[in-house]
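Everything on this sheet refers to the single structure shown next.
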Amino acid sequence: MPATSIALATDPLLRFILRRADDALVLGHRLSEWCGHAPMLEEDMALANIALDLLGQARALYAYAGVVEGAGHDEDAYAYLRDPADYLNLLLVEQPNGDFARTIVRVWLYSAFMDLWWQRMTASKDAQLAAIAARAVKEVAYHLRHAAAWVVRLGDGTPESHQRAQAGLALLWPYAGEMLTSEPDEAALIAAGVACDPETLRAPWLGRVKAVAAEAGISLPTTPFSQQGGRRGHHGEAMGHLLAELQYMQRTYPAAQW
Amino acid sequence: MHLLLKFIDFCKIVSYFSGLNLKDVAMYTQGLTHEPEAAVHAVGDEAALTRFQARIDGEQRIEPNDAMPAAYRRTLVRQISQHAHSEIVGMLPEGNWITRAPTLRRKVALLAKVQDECGHGLYLYAAAETLDATREQLYDDLLAGKARYSSIFNYPTPTWADIGAIGWLVDGAALMNQIPLCRCSYGPYARAMIRVCKEESFHQRQGYEIMLTLARGTPAQQRMAQDALNRWWWPCLMMFGPPDGESQHSDTSTLWKIKRFSNDELRQKFIDATVPQAHFLGLTIPDAALRFDEATGHWQHGAIDWEEFRQVLAGNGPCNNERMAARRKAHDEGAWVREAALAHASKQAKRAA
Ligand SMILES: [Fe+2]
Ligand SMILES: [Fe+2]
């Protein structure tokens with residue numbers, strides 16, 4: 001591992017892969033913060049399980065990014081030696097966990113989309129991405145089932161849980177639109193059948209989210225999807241703190257083996 | 001883990017309060033759990049007690065529906081629940097490093113390890129429930145400060161090397177204690193231990209591998225590794241409980257074949273296994289009196305500071321307050337979630353009726 005921050009090439013395929021790897025790493029990291037502190041032991045297990053799946057997806061994607069970039073960067077170089085502006089994750093996944101309701105609502109919104117996205121990606125013209133998708137699609141189906149079931153329990157449960165689910169949704173909703181849009185440098189990859197166009201998943205995603213919200217008895221916010229920029233490295237305040245923790249060891253002891 | 005999870009997920013709501021009955025599931029008990037001798041004779045008639053002892057002596061497994069003396073049941077509930085509490089509280093010191101693990105491989109391994117410990121807690125609560133205890137009551141006892149957990153988890157994890165030291169030494173000591181429990185007379189506990197021991201042995205190797213990497217690393221890493229060994233060595237020796245001469249109550253546990261080795265025997269096995277491992281790492285055991293006794297073939301250790309042990313058990317260890325506060329906070333802040341799950345389940349039931 002190099003001792004200082006790495007710079008990223010601008011290759012569209014590399015950036016396409018890193019965006020999804022960063023989503024998985026950052027959300028996996030957030031979920032791992034719950035371990036030992038969840039509302040019940042079964043949720044310590046379940047949230048850790050989802051986090052482990054996401055970290056596994058991130059590692060597979062980083063490994064492939066390393067091959068695509070060809071600059072000798074391994075998974076840890078990407079995870080530990082990039083500055084915040086070179087992280088390309090959605091703003092949605094970097095937000096602090098908040099309470100259990102907000103945590104679950106985020107997993108639900110994200111997984112409802114990623115379940116569709118990975119399904120499409122199993123048909124990617126890029127064999128490596130299709131192989132990663134084939135595994136991820138099974139994992140995300142479970143994440144979605146688990147989170148959606150909790151959204152229904154919380155929405156339907158008690159006045160307090162209903163209010164918390166509704167508040168979590170209101171807080172996260174402005175960030176949810178970012179995953180439904182593609183970046184300009186992804187157009188050629190979409191045209192070539194390597195990447196899937198997230199715009200085409202907008203309607204099915206919204207349909208799924210509406211159905212679960214209806215079952216939960218919560219209402220979808222009418223506020224716009226006003227927040228984006230993570231895909232280009234424009235992050236919020238939480239991101240620096242997240243990376244300070246995530247990267248602490250590699251930054252404190254440069255170039256050591258662990 | 002996925003399969004287990006789906007099962008747990010499935011029965012989560014019904015089980016959380018009613019008591020999950022996995023039956024066939026699950027050392028952190030420190031030899032403090034034994035019933036006074038007199039209690040054995042206080043229950044059941046003499047003939048029944050003789051029949052029970054004959055089954056034990058014949059190495060027959062006792063199963064949940066079998067007749068058993070009330071004191072046998074109480075001893076087991078106390079030991080198994082202490083063990084379960086230790087697994088759960090034990091998630092905290094290592095959980096402290098999940099978000100700061102130095103590589104993705106280490107991060108995944110640590111998260112999976114802490115998740116395993118949670119799974120051990122669940123198997124063990126389930127094993128206790130085969131003895132008519134409820135997880136809810138046992139857990140309330142922990143939160144109320146009425147139940148014990150292993151003293152070892154009241155020590156802090158200030159550096160990454162503590163993650164290596166815990167795996168190597170704490171999981172190693174736990175394993176030493178738990179291997180004989182795989183032959184414990186109570187079936188569900190013995191079977192749970194078989195499963196737990198497989199995972200603990202994996203944790204132990206993983207921890208040792210972290211220590212090895214540090215010991216072969218930079219001067220800063222070597223220093224970190226030695227410092228962790230310095231801090232964990234003596235508390236790990238205390239994990240086996242007070243010296244044999246001082247623990248008056250282990251007779252019945254031995255008689256009932258719950259316990260198969262004495263505290264000092266297990267401690268000695270651990271030291272004999274661990275000293276050469278430390279030497280291979282190039283680390284120094286923080287015991288000036290440590291020496292190999294050619295005549296007995298054992299490593300002789302210096303005096304253990306039992307006053308420190310008593311202080312930690314009395315609640316005065318470095319992290320007792322933090323650990324209990326963290327468990328209570330998770331429980332209190334999760335109350336509305338558990339209430340919501342119950343409320344939804346009962347609404348569902350009404351709608352179905
Ligand atoms: Fe364990
Ligand atoms: Fe363990």
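In what follows, chains carry the letters A, B, and so on, assigned in the order in which the sequence lines appear, proteins first and then strands, with residues in each chain numbered from 1. What you see is a predicted model; the values in this text were computed from it and never measured.
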In the structure I gave you, are the side-chain heavy atoms of B/R100 and A/L246 within less than 4.5 Å of one another anywhere?
no
Counting heavy-atom pairs under 4.5 Å with chain A, which one of B/A340, B/G121, B/G217, B/G334 comes out on top?
B/A340
Thinking salt bridges, do B/R106 and A/E75 make one under a 4.0 Å N-O criterion?
no
Looking just at side-chain N and O atoms, do A/N49 and B/Q115 make a donor-acceptor pair shorter than 3.5 Å?
yes
B/T99 and A/E245: side-chain donor and acceptor closer than 3.5 Å?
yes
From CA spacing to verdict: salt bridge (Lys or Arg N to Asp or Glu O under 4.0 Å), A/E42, B/R135
CA-CA 13 Å; A/E42 285 81 355; B/R135 168 172 149 193; 2.8 Å; yes
Is any side-chain heavy atom of B/W160 less than 4.5 Å from a side-chain heavy atom of A/Y248?
no
Which pair of non-hydrogen atoms, one from A/L52 and one from B/V108, has the smallest distance, and what is that distance?
CD2-O, 3.5 Å
Determine the sole option in B/I98, B/L92, B/L110 for which the side chain to side chain contact (heavy atoms under 4.5 Å, CB included) test with A/C35 is passed.
B/I98
Among the options B/R216, B/E333, B/R327, pick out the one with the most heavy-atom pairs lying under 4.5 Å from chain A.
B/R327
Proximity breakdown for A/A101 and chain B, heavy-atom pairs closer than 4.5 Å:
both
Proximity breakdown for A/A38 and chain B, heavy-atom pairs closer than 4.5 Å
backbone
Does any non-hydrogen side-chain atom of B/R338 lie less than 4.5 Å from one of A/M40?
yes
Between B/T213 and A/W258 the two heavy atoms that sit nearest each other are CG2-C, 3.4 Å
Where does A/L242 contact chain B at under 4.5 Å (heavy atoms): side chain, backbone, both or neither?
neither
Please identify, among B/L214, B/I210, B/V337, B/D332, the residue contributing the most non-hydrogen atom pairs under 4.5 Å to chain A.
B/V337
Could you tell me which non-hydrogen atom of A/L41 sits nearest to which non-hydrogen atom of B/C118, and how far apart they are?
O-SG, 3.5 Å
Compare all side-chain heavy atoms of B/R351 with those of A/D156 and state whether any distance is below 4.5 angstrom.
yes
Are B/T103 and A/Q250 close enough that some pair of their side-chain heavy atoms sits under 4.5 Å apart?
yes
Decide yes or no for A/L154 and B/W336: does some side-chain heavy atom of the first lie under 4.5 Å from some side-chain heavy atom of the second?
yes
